[in-house]
Structures are given as C-alpha cells and as structure tokens.
Amino acid sequence: MRLPMPALGIGLLALILTMAMSSWLLFLSVLLIMALAYQLGRRRAIAQVGGPTKIKRLHSLPAYHGLYAALWAGIPALFVMGLWIGFQDQVIIAQVIDALSPTQIEGLSPGQFNLLISDIRNLATGNIVSAQVTSELQAAADHYNRLRALSRIAMWVVVLALALGATLMVWLQIHPSLRARNRVESITLAIMIVFSSIAILTTLGIVLSVVFESIRFFKLISPLEFFFGLTWSPQIALRADQVGASGAFGAVPLFVGTLVISVIAMLVAVPIGLLSAIYLSEYASRRVRAVAKPLLEVLAGIPTVVYGFFAALTVAPFIRSLGAWLGLDVASESALAAGLVMGIMIIPFVSSLSDDVINAVPQAMRDGSYALGATQSETIRRVIIPAALPGIIGGILLAVSRAIGETMIVVMAAGLSANLSINPLESLTTVTVQIVTLLTGDQEFDSPKTLAAFALGLTLFVVTLALNVVALSIVRKYREQYE
Amino acid sequence: MNKPAPQITPTGRPNPVDIVRASLKRRYARERRFRWLGATAVLIGLLCVVLLFADIILKGYTAFQQTYIRLPIALEAESIDPEGTGARAAIEDADYLALIRNALFELFPEVRDRQERRLLTSIVSVGAPNLVREYVLAHPDRIGTTQEIWVPATADIDMLMKGHINRDLPEAERRVKDQTLGWIDRLAAEGRIAKRFNTPFFVNGTSREPELAGIAGALMGSFYTLLLTLILSFPIGVGAAIYLEEFAPRNRWTDLIEININNLAAVPSIVFGLLGLAVFIGFFGMPRSTPLVGALVLTLMTLPTIIIASRAALKSVPPSIREAALGVGASSLQTQFHHVLPLAMPGMLTGTIIGMAQALGETAPLLMIGMIAFIVDIPQGFTDMATVLPVQIYLWADSPERGFVERTSAAIMVLLAFLFAMNLAAVLLRRRFERRW
C-alpha cells in the first residue's frame with residue numbers, strides 16, 4: 001500500500017512532535033504533582049492538629065510540611081527523568097546492535113560501524129540514509145523505533161509512579177511532631193551544595209572531553225609530530241591516490257601564527273590601556289573620568305563577532321591599500337589587521353585591571369614621593385609603577401591568555417592556510433581558527449581531522465589555564481602585600 | 001626673570017637647591033610630555049569606539065530601507081483562477097511570476113529579445129511572486145482588475161538606488177548593465193521606484209537573496225537560547241553563591257570550588273564549545289544545532305559571572321541584618337531567604353543581566369555545536385534547529401554580496417541595541433536599588 005506523500009509527512013511530523021512534546025508534557029505533569037503534593041501536605045498538617053487555629057501545636061509551619069511533600073514528589077522523579085532522557089539512546093542502540101545478525105557487523109571498521117548506527121537512527125526518524133535500505137536495516141530501524149516507544153512509555157510510568165509514590169509516603173509521614181522545616185532546610189542546603197559543585201563538574205567535563213579525544217588523536221599521530229612538526233594540512237583524502245593525500249598535523253605554524261597575532265594585539269593594548277588607566281586615575285578631572293571611563297568600557301561589551309566584522313571588512317582592506325600605497329605587499333587577510341583589532345578589544349581589559357592595581361597602591365607612598373619634591377610623573381614612574389608592577393604583569397598575562405583564546409576576530413579576519421612565518425603582513429592562521437574550521441563541517445566524529453581539533457583544544461586549554469593560574473596568584477600575592 | 005647667581009657652598013660643591021632649580025625646566029617638560037602621552041592614549045581609545053560605531057552605522061543604516069518597484073499588475077482571472085471557484089488552493093498555485101513579467105513587458109513594449117526580457121525580469125526580486133500571491137489572497141475580490149503593487153527590487157537594483165554601485169565604472173566592471181540602468185532611470189522618472197521601510201528584514205528568516213533575508217529566525221533562536229540559559233543559570237548561580245558565601249566551611253573542597261570558578265571565568269569560550277560538542281551532543285546524544293544545547297553551554301559559561309556578582313552582592317549586606325534575624329529566632333536558612341536574599345537581589349540581578357548580555361553576544365562555542373546551519377524557518381521551540389543573532393552576523397559577513405554587508409551591519413546594530421538596553425537596565429537597577437549601609 002502506498003500512502004500519499006503529504007499524509008506521510010503529516011504523520012511523521014505528528015510523531016516527531018509527540019516525541020518532542022512528551023518529555024515536556026511529563027515535566028509539566030511532575031510540576032503539577034508537586035503543586036498538588038504541596039497542598040496535600042499543608043492541608044494534612046493543619047487537619048492533624050485540628051484546624052488552622054491550632055497550628056501552634058505543629059513543630060513546623062504547615063507550609064514546610066507542604067514544601068517537604070513537594071520536594072519529595074519532584075526531586076527523585078525529575079532526577080530519574082533526566083537520567084532516562086540522557087542515557088536512553090545509548091541503551092537502546094546497544095540493544096539494537098545486540099539484535100543485529102553477526103554477519104552485518106563482522107569486518108566493519110569503527111567508521112563504518114558508526115555509519116551503520118547513524119543509518120539505523122536516520123531510517124527510524126525518517127531522515128535521509130546513506131546506504132541502500134536493506135530489509136535487515138529496516139528491521140533494525142523498526143526494532144529501534146519499537147524500543148524507543150517502549151522506553152517512552154516506561155519512562156512515563158516510572159516517573160509518575162515515583163512522584164505519586166513519594167507524595168503518598170510523605171502524606172503518611174506527616175504528623176504534628178514531624179521536623180519538616182529542618183528536613184526542608186537540609187534538602188535545600190544539599191541542593192545548593194550540588195549547584196556549587198557544578199563548577200568542578202564543568203572543569204572535569206572540559207578536561208575529560210578534550211583529554212579523551214586527544215588520546216585517540218595521539219594514537220593516530222605521534223605527539224612529537226604534532227608539537228614539533230612544521231607543516232599543517234589536515235586534509236585526509238578520500239582516495240589514496242589524491243593530491244596531498246597524506247594529512248600533515250604539525251602544529252608549529254599555528255602556534256607561531258597565534259603568537260604573532262597575540263604579540264601585535266598586546267603591542268596595541270598594553271601601552272594604550274596602561275597609559276589611559278594612569279591618566280584617568282592620576283591626572284583626569286572627576287568629570288573627564290566619569291565620561292571617558294564608561295566610554296572606554298563600551299569596548300569590552302561589544303561582541304567579538306562585531307570586531308571580526310570590523311577587522312575583515314574595514315581594517316584589513318584599509319591596511320592592504322595602505323600597504324599598496326607604501327609599495328608593500330600585504331595579504332588581504334593579514335595578521336596585522338586581526339592583531340590590531342584584537343588589541344582594540346583588549347584595551348579596556350588591560351586598563352581596568354591596571355586601574356585596580358594602581359588604585360590599590362597606598363596613598364602614603366604617593367604622599368611620601370611628593371614630599372620629597374618629585375613631580376607627578378616622577379611619582380608615577382618611580383614609585384607607583386614599580387609598586388604596582390606585579391599586579392600589572394598579572395593583568396597583562398590575563399590579557400595574553402584572552403588574546404590566545406580569542407576566536408571570532410581571527411576566524412573572520414585571519415587566514416586559513418598555515419604559513420610558517422612571522423611576517424605580520426602575511427596571512428597567518430591560529431589555533432582557534434583551525435579548531436573552528438576542523439569542526440564546522442560535516443565530518444565523521446572519528447577522523448584524525450576532527451580529533452586534531454580536540455588536541456588543539458587541549459593545548460589551548462592547558463596554556464590559558466597555566467597563564468591564568470600564574471596571573472591570578474601574582475595578583476593575589478600583590479593584593480595581600482598592601483592589605 | 002633673572003636667574004640668581006649660583007652660590008658656591010664652602011665645600012666647593014654647588015648648592016643642591018641650585019641643582020634642583022637647574023633641572024626643573026627639564027623635569028616640568030617631561031611632566032607635560034607624560035601627561036600628553038596619557039591623554040593621547042585615552043583619546044586613541046575613544047577614537048576606536050567612535051570609529052567602530054561610525055563604521056557600522058554608516059555601512060548599515062541604509063538596510064532599514066529597501067527599494068521597491070511599483071508595477072501595474074493585471075490580476076487576470078483566467079490565469080489566477082481559471083475555473084472561477086475562488087478556491088484558496090487554486091489561487092495559491094497560480095503562476096504569479098508570469099503576471100509580474102507581463103506587467104514589466106507592458107511597461108517596456110520595445111523589449112522583444114528573449115535574453116533582454118530575461119534581463120528585464122531580473123530587476124524584480126525572486127520573492128516578488130510570493131508578495132503578489134499574498135496580496136491576491138488578502139483581496140480575492142480584486143481578481144480581474146489591474147492593481148498597482150509595490151514589489152521588492154532585486155539586491156543589485158537596491159544597491160544601485162542606494163548609491164553603492166558606481167555608475168561611472170565601465171559597463172564590464174559593473175554588476176548593473178547599461179540597459180538595466182536605462183530601464184531603472186525610466187521607472188524612476190515615472191515615479192515607479194521608491195525606498196520604503198524594510199519590513200522583511202524584521203519578519204523573515206534568512207535567505208540566499210539579500211533583499212529577502214531577515215533576522216527574525218536568528219532573533220527567535222537567540223530568544224529561546226537566552227530564556228533557557230536564564231532559567232538554568234540564575235537559580236544555580238544564586239544557590240551556589242549563597243552556599244559558598246554563607247554556609248561553606250573553609251576546607252579543601254570549597255577551596256577547590258573557588259579556584260575552579262575563578263579559572264572557568266577565564267577559559268576561552270571555544271573550549272566550552274568543545275565541551276558541548278563532546279559531552280552534550282557526543283555523549284548524551286542531544287539534538288545538534290538546537291537552543292537546548294546552546295543554552296546548556298552558555299549556562300556553564302555565564303555561571304562564573306553570576307556567582308561572582310552574587311557573592312559580591314551578599315558580601316555587601318551588613319552582618320547586623322543576619323544577627324538581628326538570628327536573634328529573633330530565625331533559622332540560618334530563613335535568615336538567608338527571608339532577609340539577606342531580598343537585600344542582595346538587585347546586585348544579583350545586575351550580575352545576571354550582565355552575564356546574559358555576554359551570552360547574547362557569544363558566537364564561538366555555538367559554532368562548535370552546529371548552530372551555523374542554514375535555517376530558513378523560524379524556530380518554534382527549544383528543540384528546533386536554530387541559529388542565533390551573532391552567528392547570523394558571522395554567516396552574513398562571509399557572503400560576498402554587497403547587499404549582505406549592509407544587512408550584516410544592520411543586524412549588528414540590532415544586536416548592539418539589545419546589549420545596550422540590557423546594560424542600561426543593569427545600570428538603572430543598580431542606581432535605583434543600591435544601598436549604602
């Protein structure tokens with residue numbers, strides 16, 4: 001039987017909608033049960049002591065009984081639901097693979113194996129499939145769909161049972177002597193502890209995700225080649241006889257490019273940022289300061305994609321025509337343009353950090369210097385800057401780490417081809433540019449090309465982390481010195 | 001002023017006062033130079049701000065208008081609704097491009113050659129037939145009459161009318177040919193060309209054609225992403241701040257948390273994108289390119305900002321408030337939630353708004369999780385494929401057409417307007433509710 005296409009389309013759409021909606025609907029149902037549990041708990045507490053006039057006999061206020069019931073109704077159910085949604089796909093895929101006939105899996109490379117799995121998934125959800133739809137593939141897809149439907153129903157049953165069961169349990173527990181407030185408070189405190197541990201989980205997630213993928217990468221490409229190789233051309237050919245078939249993963253050109261662009265940025269940002277911080281905190285009148293400081297800080301609030309646009313469409317052509325006028329050959333995606341604009345972006349960063357440390361220098365040191373007859377600039381150069389130097393250096397290190405990790409400006413204004421050069425008029429590429437170009441295509445997740453991006457990410461993370469740790473410890477030590 | 005003669009001290013060395021006096025002029029000159037240097041640095045910084053804004057506004061202000069051509073379109077009944085049923089489906093399926101072409105050929109009867117006719121048709125946007133269709137659907141009673149309808153011109157004509165195409169260039173180097181120029185000039189002389197407010201820019205999704213491309217899809221994507229980010233990051237950030245500031249014992253675990261928060265604030269945003277790609281998409285199998293994953297990544301990114309700001313706000317609440325509450329028998333959590341939190345709330349909200357503004361402008365991590373797909377449809381929920389405003393800007397900035405440069409700048413203006421409004425709200429909130437104890 002052949003269904004007419006529009007009907008099939010509508011049917012599929014409805015199916016997808018119900019699948020997407022069902023989790024939200026379940027979530028809303030749990031919230032509803034929580035509200036119900038709150039009311040039930042509160043009412044029962046009041047009823048147990050015999051009416052609202054006698055609530056003094058309760059250990060905790062009725063609202064705490066309600067909250068206690070609501071928390072019990074919601075938290076375990078939502079927790080299980082989150083786990084279920086997070087892991088159901090993996091469990092189902094594992095089941096589907098178990099059910100596949102061994103002849104289908106035999107002799108498949110990991111890449112082909114992943115392709116098979118994504119084909120099953122695509123066929124099940126009605127997307128385009130890469131391979132011929134065989135009856136076995138169709139059977140696997142049907143199996144996948146059956147398991148998904150089963151899992152959805154099971155999730156509804158388990159989650160609702162948990163929510164209602166917990167409500168009932170608390171309802172039975174409620175008694176005038178129940179220490180509901182203390183229990184609610186312990187639960188709240190536990191939730192807050194979990195919330196504050198998310199920072200650690202995030203760091204752990206970052207480390208684990210980049211480290212695991214990097215280890216897989218370093219199994220394919222030796223770390224020696226990656227860190228010291230001089231050519232970078234990550235194209236892996238589809239056929240062996242293609243031109244440039246062997247990908248080269250020597251990251252030195254990227255490191256050099258990143259360094260050149262960061263140095264240009266710092267050459268712009270440090271003098272301008274530091275001098276304007278000094279001028280605004282030591283010389284400027286109150287009114288000038290009140291106007292100029294927020295205006296400079298506007299630069300910090302502008303999204304980097306805007307700077308990228310400015311660099312690529314205004315600064316780069318300007319530098320190119322300026323170079324042509326001077327008789328220099330400037331690439332249209334010169335490192336100079338990207339570096340200059342990145343420097344502008346970092347100005348407020350350097351100036352506000354320097355401002356902080358300059359203001360932290362005790363007034364007594366200034367007064368001492370003036371008393372000896374020094375002029376203001378002599379005081380600044382001979383007393384304040386040496387005293388603030390550790391803090392300023394810490395701030396500059398933080399700025400360097402920001403320059404190294406900056407992505408959008410270089411993606412839009414710097415080049416893609418990896419030239420090993422330190423000439424800022426040439427087109428250079430950076431670590432972040434390569435991460436973006438390697439990961440924003442439709443590649444397989446397993447090719448060395450995508451794994452290389454994670455190795456670059458690991459390098460970036462380690463370098464910026466080291467810079468931050470050093471910078472923060474310098475700044476902290478410096479602050480303690482004057483406290 | 002005559003200088004006093006240098007006095008020689010009994011030891012034969014010059015008087016220190018005189019050494020100082022002699023060097024004063026040089027020292028004052030140095031002082032002035034240094035001062036000028038500082039002032040120049042501030043001026044350069046301010047100049048950068050002005051240049052950046054001027055550049056974007058000058059490039060983009062024209063995008064808020066769009067060139068339209070008024071055509072006398074004969075809405076012939078036999079080609080729109082040959083059976084005269086007035087059925088909606090029939091009207092929707094009619095060939096409106098043919099009607100537009102006929103109107104153009106009416107206006108320029110001397111154009112006979114097929115190739116020339118094609119050139120003539122190309123001055124009207126490919127989106128024009130849709131517009132005429134909407135018009136007819138809205139006014140079915142006008143079928144059979146000839147109506148003067150404004151249809152959008154193609155991007156090249158738009159650029160020509162806005163003066164971005166130089167008419168003095170030789171024909172081969174110009175995107176608009178001499179013949180087309182003649183037609184346009186004639187239409188302009190007849191009052192058939194005008195620039196009108198660019199509504200499509202605000203209500204359309206993106207498109208390959210600059211004159212049809214709009215930011216509505218990206219705006220909705222940004223809206224869903226930010227909404228979910230706010231829902232997740234505000235309670236988590238505030239909860240973490242209260243615990244760390246008010247309850248946490250000083251031990252290794254809390255030290256570790258503090259170090260982590262400070263370092264996460266300085267981790268490059270692209271690394272968060274890698275995390276999202278590997279963990280949320282790769283491990284948990286969440287749908288790619290959706291506001292859901294985008295919001296999770298942005299939540300992790302904005303949490304440090306919110307936590308640091310919230311802790312500062314809690315710190316500024318004087319201890320006497322806590323002591324008074326504890327003194328009348330409140331539990332420590334009641335003290336926090338009933339007394340300290342309401343007083344710290346303005347500062348926490350300010351920090352949250354600033355964190356949201358950062359999230360709104362963030363691009364790089366969203367590229368990693370695939371929010372750069374070309375999506376014409378306007379997203380309807382958290383799990384629809386979507387893109388966000390900064391990513392849309394990035395995508396348009398890559399397009400070579402002059403028409404997209406203008407629209408990119410206009411999209412940037414919209415983004416900056418939102419950011420400005422959010423920052424203004426934060427400043428006002430701080431002014432209105434900040435208390436000095």
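From a predicted model like this one, the values you see are computed outputs, not experimental measurements.
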Heavy-atom closest pair, residues [X] and [Y]:
X: A:V298; Y: B:F53; value: CG1-CE1, 3.8 Å
X: A:T407; Y: B:A364; value: CB-CB, 3.7 Å
X: A:Y279; Y: B:A39; value: CD1-N, 3.5 Å
X: B:L46; Y: A:L296; value: N-CD2, 4.0 Å
X: A:T440; Y: B:L367; value: CG2-O, 3.6 Å
X: B:L275; Y: A:G205; value: CD1-C, 3.2 Å

For chain A, the option from [options] that forms the most heavy-atom pairs under 4.5 Å:
options: B:F420, B:F382, B:Y28, B:F280; result: B:F382
options: B:V271, B:L274, B:L415; result: B:L274
options: B:V267, B:V279, B:L43, B:L303; result: B:V267

In terms of heavy-atom proximity below 4.5 Å to chain B, should [X] be classed as side chain, backbone, both, or neither?
X: A:A292; value: both
X: A:Y307; value: side chain
X: A:Y283; value: both
X: A:L295; value: both
X: A:Q376; value: both
X: A:I200; value: both
X: A:L313; value: both
X: A:I380; value: side chain
X: A:T464; value: side chain
X: A:V411; value: side chain

Should the pair A:F87 and B:F283 be assigned to parallel (<30°), tilted (30 to 60°) or perpendicular (>60°) ring geometry?
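Plane angle over 60°, so perpendicular.
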For chain B, which candidate among A:V210, A:I302, A:L458, A:V288 shows the most heavy-atom pairs at distances under 4.5 Å?
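Highest number of heavy-atom pairs under 4.5 Å: A:I302.
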Heavy-atom pairs under 4.5 Å with chain B - which of A:A284, A:G405, A:A277, A:P303 has more of them than the others?
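Among the listed options, the one with the most contacts to chain B is A:P303.
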Hey, does B:L300 have a side-chain heavy atom less than 4.5 Å from the side chain of A:I198?
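Yes, at least one pair of side-chain atoms sits under 4.5 Å.
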Report which part of B:L264 has an atom under 4.5 Å of a heavy atom belonging to chain A: side chain, backbone, both, or neither.
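Contact with chain A is through the side chain of B:L264 alone.
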side-chain hydrogen bond (donor to acceptor under 3.5 Å, both in side chains) partner of A:T375, the single match among B:R27, B:E31, B:R30
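Single side-chain hydrogen bond (donor to acceptor under 3.5 Å, both in side chains) partner of A:T375 among B:R27, B:E31, B:R30: B:E31.
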B:F34 six-ring face occupied by A:R381 cation (under 6.0 Å, within 45°)
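Judged by the rule (NZ or CZ under 6.0 Å from the ring centre, within 45° of its axis), A:R381 counts as positioned above B:F34.
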